[in-house]
Student: 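Let me give you the structure first, and then I'll get to my questions.
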Amino acid sequence: MSPSRGGGDDVCEEAPRGRTPAAAPRINLSPHYRLSLLSAHCASGAEMADDLGDEWWKNQPAGAASSPETSDGEEEGGDAAMMQQETAPVPAPSRKTKQPKECFLIQPKETKGEATKTRRRKKKKITDVLAKSERKPGTPEDLQKLMKDYYSSNRSVIELEELNLPDSCFLKANDLTHSLSSYLKEICPKWAKLRKNHSEKKSVLMLIICSSAIRALELIRSMTAFKGDSKVMKLFAKHIKIQEQVKLLEKRVVHLGVGTPGRIKELVKQGALNLNPLKFLVFDWNWRDQKLRRLVDIPEIRKEVFELLEMGVLSLCKSESLKLGLF
């Protein structure tokens, strides 16, 4: 017989036979007894830091955080999982493939220091070539060749043939053994008679063309034995105004003129110098300056020489009233 359900507080229910009880039997305690147990628990558990603000985990001994109840199998399983995570390939982020670009190799430029170190072949100057070469006297063929080379770029073949001068208009060339006085005596043995018969102003009987004013003064001093009583005039631009030369040519008779082709050309242009009475035109052909350049080796002088030849000199040579000499 089961006891009645309406019994006192200390009565418990009996579990049916053949079944395990689901839970421990419930014991009913009086309120006073419960309050005493709670006060004792609070007194003895003050050191347990039930307060939420106390950092109780710092006072635990080493190894307390890890549960001793964990088995070796669980640790091995965790290590294997970690190894699998570490060794698992991480997929690379997808990027757009770029097309390969052409690459050009640029050679580095040499610096000035490296360029000076490299041995270069020294360029030959015209002065070095002329210094080692033997001096040769000028010939009429040299003058003819220079004229063709100068006018070949702007003249036709027929015009170049018209520039050819007859051999009869050339005097004997200097063989580098003559002084100016001895050379002039050789090419003009009847000079004394010619100068006596000359009485025309604004003209000369003989012109000597050189490259500079200093060279003109040297030639005038070196022809003392030849000129005698002849009137010699300086026809260059250095320290002499062209108006002064024009006045001198208008006032008196001049037999010899020594100067540069540029000033002589200007006097002919202005009508101060008439070339028709001219009998001898001598070029200071073989003399060389400090750079070993001849009269026709200087581009400016060469241009003025050929311009002067076209101002009536070539026509006078072809008519054989004018003779050319190369000193």
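The chain is numbered in sequence order, starting from 1. Everything numeric in this text was worked out from a predicted model, so none of it was measured. Basis for what follows: all heavy atoms, side chains included, without hydrogens, waters or symmetry-related copies.
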Student: Any link between Leu295 and Leu146 through a network of hydrophobic side chains (Ile, Leu, Val, Met, Phe, Trp, Tyr) touching at under 4.5 Å?
Tutor: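 As far as the 4.5 Å side-chain criterion goes, Leu146 and Leu295 are connected within one cluster.
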Student: Under the rule for side-chain contact (heavy atoms from CB on, under 4.5 Å), what residues qualify as partners of Ser199, not counting sequence neighbours?
Tutor: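 With neighbours one apart ignored, the set is empty.
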Student: What pairs of residues pass the salt bridge (Lys or Arg N to Asp or Glu O under 4.0 Å) test when at least one of them lies in residues 145-154, not counting sequence neighbours?
Tutor: Lys145-Asp149
Student: Could you pull out the closest heavy-atom pair between Gln144 and Asn164, with the gap in Å?
Tutor: OE1-CA, 3.8 Å
Student: Under 3.5 Å, which donor-acceptor pairs do the side chains of residues 268-279 form with other protein atoms, sequence neighbours left out?
Tutor:
residue: Asn274; atom: OD1; partner: Asn276; partner atom: N; Å: 3.2
residue: Asn274; atom: OD1; partner: Asn276; partner atom: ND2; Å: 3.4

Student: Remaining members of Trp287's ILVMFWY cluster at a side-chain heavy-atom cut-off under 4.5 Å?
Tutor: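 Answer for Trp287: none, a lone residue.
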Student: Got a sec, which residues hit salt bridge (charged side-chain N to carboxylate O under 4.0 Å, His left out) with Lys247, two or more places apart in sequence or on another chain?
Tutor: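 With sequence neighbours excluded, Lys247 shows a salt bridge (charged side-chain N to carboxylate O under 4.0 Å, His left out) to no residue whatsoever.
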Student: So which atom in Ala237 and which in Arg263 form the shortest heavy-atom distance, rounded to 0.1 Å?
Tutor: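 That would be CB-NH2, 3.1 Å.
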Student: Spell out, yes or no, whether Leu292 and Val296 are grouped together once hydrophobic residues are joined by side-chain heavy atoms under 4.5 Å, including indirect joins.
Tutor: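 Not linked; separate clusters.
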Student: Checking side chain to side chain contact (heavy atoms under 4.5 Å, CB included) against Arg215, which of Asp284, Asp289, Thr260 comes through?
Tutor: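 The option that passes is Asp284.
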Student: Is there a side-chain contact between Ser182 and Lys185 in this structure, where contact means two heavy atoms from C-beta onward sitting under 4.5 Å apart?
Tutor: no
Student: Is a donor on one side and an acceptor on the other found under 3.5 Å between the side chain of Lys201 and the backbone of Lys251?
Tutor: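 Indeed, once roles are kept as given, a pair shorter than 3.5 Å links the two residues.
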Student: Do Pro137 and Leu176 make a side-chain contact, defined as non-hydrogen atoms from C-beta onward lying under 4.5 Å apart?
Tutor: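 Sidechains of Leu176 and Pro137: in contact.
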Student: Please walk me through it: do Leu249 and Met233 pass side chain to side chain contact (heavy atoms under 4.5 Å, CB included)?
Tutor: CA-CA 9 Å; Leu249 289 169; Met233 187 172 178; 3.5 Å; yes
Student: With sequence neighbours excluded, what pairs up with Ser181 under the side-chain hydrogen bond (donor to acceptor under 3.5 Å, both in side chains) test?
Tutor: none
Student: Hydrophobic clusters join Ile, Leu, Val, Met, Phe, Trp and Tyr when side-chain heavy atoms are under 4.5 Å apart, directly or via other members; which others share one with Leu217?
Tutor: Phe236, Ile240
Student: May I ask you to list the residues sharing a hydrophobic cluster with Met206, side-chain cutoff 4.5 Å, ordered by chain and number?
Tutor: Leu171, Leu180, Tyr183, Leu184, Ile187, Trp191, Leu194, Leu205, Ile208, Leu219, Ile220, Met223, Phe226, Val232, Leu256, Val258, Phe280, Val282, Phe327
Student: Scan the side chains in residues 305-317 for donor-acceptor partners under 3.5 Å anywhere in the protein, sequence neighbours excluded, and list what turns up.
Tutor:
residue: Glu307; atom: OE1; partner: Lys265; partner atom: NZ; Å: 2.5
residue: Glu310; atom: OE1; partner: Tyr151; partner atom: OH; Å: 3.1
residue: Glu310; atom: OE2; partner: Arg155; partner atom: NH2; Å: 2.5
residue: Ser315; atom: OG; partner: Gly312; partner atom: O; Å: 2.8

Student: Determine, using the 4.5 Å side-chain heavy-atom cutoff (strictly less than), whether Ile264 and Ile214 are members of one ILVMFWY cluster.
Tutor: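 Unlinked, Ile264 and Ile214 end up in two clusters.
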Student: Go through Lys318 and Leu165 one step at a time and tell me if the side chain to side chain contact (heavy atoms under 4.5 Å, CB included) criterion holds.
Tutor: CA-CA 6 Å; Lys318 292 178 179 179; Leu165 298 174; 4.2 Å; yes
Student: With the 4.5 Å side-chain cut-off for hydrophobic clustering, are Leu235 and Leu248 part of the same group?
Tutor: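 They do share one cluster, since a chain of ILVMFWY contacts under 4.5 Å joins Leu235 to Leu248.
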Student: Keeping to residues at least two apart or across chains, list the ring-ring contact (aromatic ring centres under 6.0 Å, His included) pairs with something in residues 238-278.
Tutor: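 Found His198-His255.
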Student: What residues form a side-chain contact (heavy atoms from CB on, under 4.5 Å) with Lys241, not counting sequence neighbours?
Tutor: Gln243, Glu244
Student: Would you indicate whether the side-chain heavy atoms of Asn286 and Leu326 approach each other to under 4.5 Å?
Tutor: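 No, too far: nothing below the 4.5 Å cut-off.
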Student: Apply side-chain contact (heavy atoms from CB on, under 4.5 Å) to Asp175 and list each qualifying residue two or more places apart in sequence or on a separate chain.
Tutor: Thr177, His178
Student: For a quick test of reading the model, state the closest non-hydrogen atom pair linking Arg195 to Ser230 and the distance between them.
Tutor: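 Nearest heavy atoms, Arg195 then Ser230: CD-OG, 3.0 Å.
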